[in-house]
Amino acid sequence: MDKQQEFVLRTIEERDIRFVRLWFPDVLGFLKSVAVAPAELEGAFLEGIGFDGSAIEGFARVSESDMLARPDPATFQLLPWRGEHPGTARMFCDILMPDGTPSWADPRAVLKRALGKAADLGFTFYTPPEVEFFLLDRAPEGPGDVPKPIDRGGYFDHSPHAVAHDFRRQAITTLEAMGISVEFSHHEVGPGQQEIDLRYADALTTADNLMTFRLVMKEVAQGAGVYATFMPKPFAEHPGSAMHTHLSLFEGDTNAFYEAGSAYQLSKTGRAFIAGLLTHAPEMTAVTNQWVNSYKRLWGGGEAPSYVCWGHNNRSAMVRVPMYKPAKGQSTRIEVRSPDSACNPYLAFAVLLAAGLKGIEEGYELPEGAEDDVWALTDAERRALGIEPLPGSLADAITAMERSELVAETLGEHVFDFFLRNKRAEWEEYRKQVTPFEVDRHLPLL
């Protein structure tokens, strides 16, 4: 037994932990959990806990359903909202086949493979995200029921609505009690819309943190009598919720994206990484924006990036190079603005990394950056500049993904096939709907 496992078992005994929740994501990014008694943990570390994989979205067919969840002791944390006595803790799990090999259906394994490829090239991948979401006055009560935002505040507003201030304070306190560091928090543009930015960490830790983050936001909101939603675009008249994600590669302690004296202090490696993101953007959008509703955000205005381009400090671009801070070369980074906060972070980070590494390996050339407001250009002006649109719907994104060798290789055959089948089914179900817009527009006239 290693030292981390020993630390977990000792802490459980010393802190009177009676329940340990083993967490793992399914292919769509929903959190799954099984609670075990502390006495079972030593065996779980050695052999894993068996479960029926065929009951989990995208994991296995009935004929091959036996799987194991083995807890990762490095992810051990107490759950502050469950009370102190007796305590409850959690650990994320790696999903294994019965022979002990990694499951081809485990999103954490998908990201670990991508990080392993980066490590083979000498890189460590960091992904601090800015997470946006809405606070609503209550949970939806059924189909067609749309709760209201808790306030009418706007960007950076210090509105006198006590719920938002108390919520953010409690949410951040809870995150930090679980070892998740927060950099900033504030009211976003939309009424009731919040943003909390996580401090940088390696991509696997960040993905685990995001799964925890979404649960914490919902738990704290429920305790405050309100409802937190990560739906990309819940209101047509207000901006959607993004997950602007900052990316950086390090070689040891050296920022691989930094080169003193170059344009924007951006190295050749950084430029090739951006070129990879742009080249492969359409084919990975179904992963970074995986819901029908995601495209209402991408094409609904409110600073959402609709076109494949990059720019320096240009918030209309899909990829932005933030302003360089003198004497802070280590902070040189890339911001990808297309992902939304409802994606599966493990798969999203994996495809973003794979696209960037492809640009580095193949020596992709970075096109000229967009210095104008891309939304204000005409279609002809964008075409003249070589700026192509992102997929306009989930159907378009699926079509682009189906043709992608890069995404298929990154996700693995099983996850790739299941993800596409699930998204096709979602699109077909969506296409059958008769919307209020159609009824309001056509029923009185036709």
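Worth saying up front: this structure is predicted, and the values here are computed from it rather than measured. In what follows, residues are counted from 1 in the order of the sequence shown.
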Report yes if some heavy atom in the side chain of [X] is under 4.5 Å from a heavy atom in the side chain of [Y]; otherwise report no.
X    : Y    : answer
K32  : F51  : no
T206 : P345 : no
M97  : S103 : yes
M91  : L41  : yes
T212 : I180 : yes
I196 : V131 : no
M284 : T410 : no
V27  : N422 : no

Between the main-chain N or O of [Y] and the side-chain N or O of [X], is there a donor-acceptor pair closer than 3.5 Å?
X    : Y    : value
Q170 : V220 : no
R297 : S338 : yes
D106 : I95  : yes
T245 : V336 : no
D137 : K148 : yes
W299 : P391 : yes
E335 : P322 : no
T279 : A275 : yes
E388 : G386 : no

If you take all heavy atoms of [X] and [Y], which pair is closest and at what distance?
X    : Y    : value
C309 : V374 : SG-CG2, 3.6 Å
L406 : A355 : CD2-CA, 3.7 Å
M318 : L277 : CE-O, 4.0 Å
Q4   : A74  : NE2-CB, 3.6 Å
M243 : C343 : CE-SG, 3.8 Å
Y346 : P107 : CB-O, 3.4 Å

### Message
V321 vs I274, test: side-chain contact (heavy atoms from CB on, under 4.5 Å). Steps then yes/no.
### Response
CA-CA 9 Å; V321 179; I274 295 175; 3.7 Å; yes
First locate atom [atom1] of [X], then atom [atom2] of [Y], and finally report the distance between them rounded to the nearest 0.5 Å.
X    : Y    : atom1 : atom2 : answer
D94  : L22  : CG    : CG    : 11.5 Å
S185 : L198 : OG    : CG    : 11.0 Å
L353 : R113 : CG    : CZ    : 12.5 Å
L377 : S316 : CG    : OG    : 8.0 Å
L411 : F418 : CG    : CZ    : 12.5 Å
L135 : D151 : CG    : CG    : 8.0 Å

#### Entry: Results of ring pair (Phe, Tyr, Trp, His ring centres under 6.0 Å) for F92 - residues two or more places apart only
W23
### Message
F349: which residues meet the ring pair (Phe, Tyr, Trp, His ring centres under 6.0 Å) condition with it, sequence neighbours left out?
### Response
none
Do any side-chain atoms of residues 246-253 form donor-acceptor pairs under 3.5 angstrom with protein atoms, and if so which ones, sequence neighbours left out?
| unit_1 | atom_1 | unit_2 | atom_2 | d |
| --- | --- | --- | --- | --- |
| H246 | ND1 | R333 | NE | 2.8 |
| H246 | NE2 | E130 | OE2 | 2.8 |

Using the side-chain hydrogen bond (donor to acceptor under 3.5 Å, both in side chains) criterion, which residues pair with [X]? Sequence neighbours excluded.
X    : result
S306 : none
Q77  : none
R424 : E402
R431 : E428

### Query
Where do F123 and T269 land on the side-chain contact (heavy atoms from CB on, under 4.5 Å) test, with the steps shown first?
CA-CA 11 Å; F123 296 123; T269 297; 4.3 Å; yes
Can you list every pair that meets salt bridge (Lys or Arg N to Asp or Glu O under 4.0 Å) and has a residue in [range], with sequence neighbours left out?
range            : result
residues 257-284 : none
residues 405-414 : none
residues 205-214 : R108-D208

### Task
Show the numbers, then the answer: is there a side-chain contact (heavy atoms from CB on, under 4.5 Å) between L390 and V308?
CA-CA 6 Å; L390 283 168; V308 181; 3.8 Å; yes
Residues, nucleotides or ligands: over 12 heavy atoms within 6.0 Å of [X] [atom1]:
X    : atom1 : result
E6   : CD    : yes
Y200 : OH    : no
R90  : CZ    : yes
K112 : NZ    : yes

#### Entry: Residue pairs passing the ring pair (Phe, Tyr, Trp, His ring centres under 6.0 Å) test where at least one lies in residues 357-388, sequence neighbours excluded
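Counting only pairs at least two positions apart or across chains, the ring pair (Phe, Tyr, Trp, His ring centres under 6.0 Å) contacts touching residues 357-388 are H280-Y364.
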### Verdict with reasoning, E426 to K423, per salt bridge (Lys or Arg N to Asp or Glu O under 4.0 Å)
CA-CA 5 Å; E426 182 181 344; K423 295 297 108 181; 2.6 Å; yes
### Task
Using the six-membered ring wherever Trp is involved, compare the ring planes of F30 and W291 and label them parallel, tilted or perpendicular (cut-offs 30° and 60°).
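Judged by the thresholds at 30° and 60°, the geometry between F30 and W291 is tilted.
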### Message
Between K117 and D120, is the salt bridge (Lys or Arg N to Asp or Glu O under 4.0 Å) condition met? List the steps.
### Response
CA-CA 5 Å; K117 181 175 181 180; D120 290 342; over 6 Å; no
### Task
Could you check N344 against V287 for side-chain contact (heavy atoms from CB on, under 4.5 Å), going step by step and ending with a plain yes or no?
CA-CA 8 Å; N344 182 331; V287 179; over 6 Å; no
Side-chain donor-acceptor pairs of residues 225-242 under 3.5 Å, sequence neighbours excluded:
| unit_1 | atom_1 | unit_2 | atom_2 | d |
| --- | --- | --- | --- | --- |
| T229 | OG1 | M231 | N | 3.1 |
| K233 | NZ | H238 | O | 2.6 |
| S241 | OG | Q193 | NE2 | 3.3 |

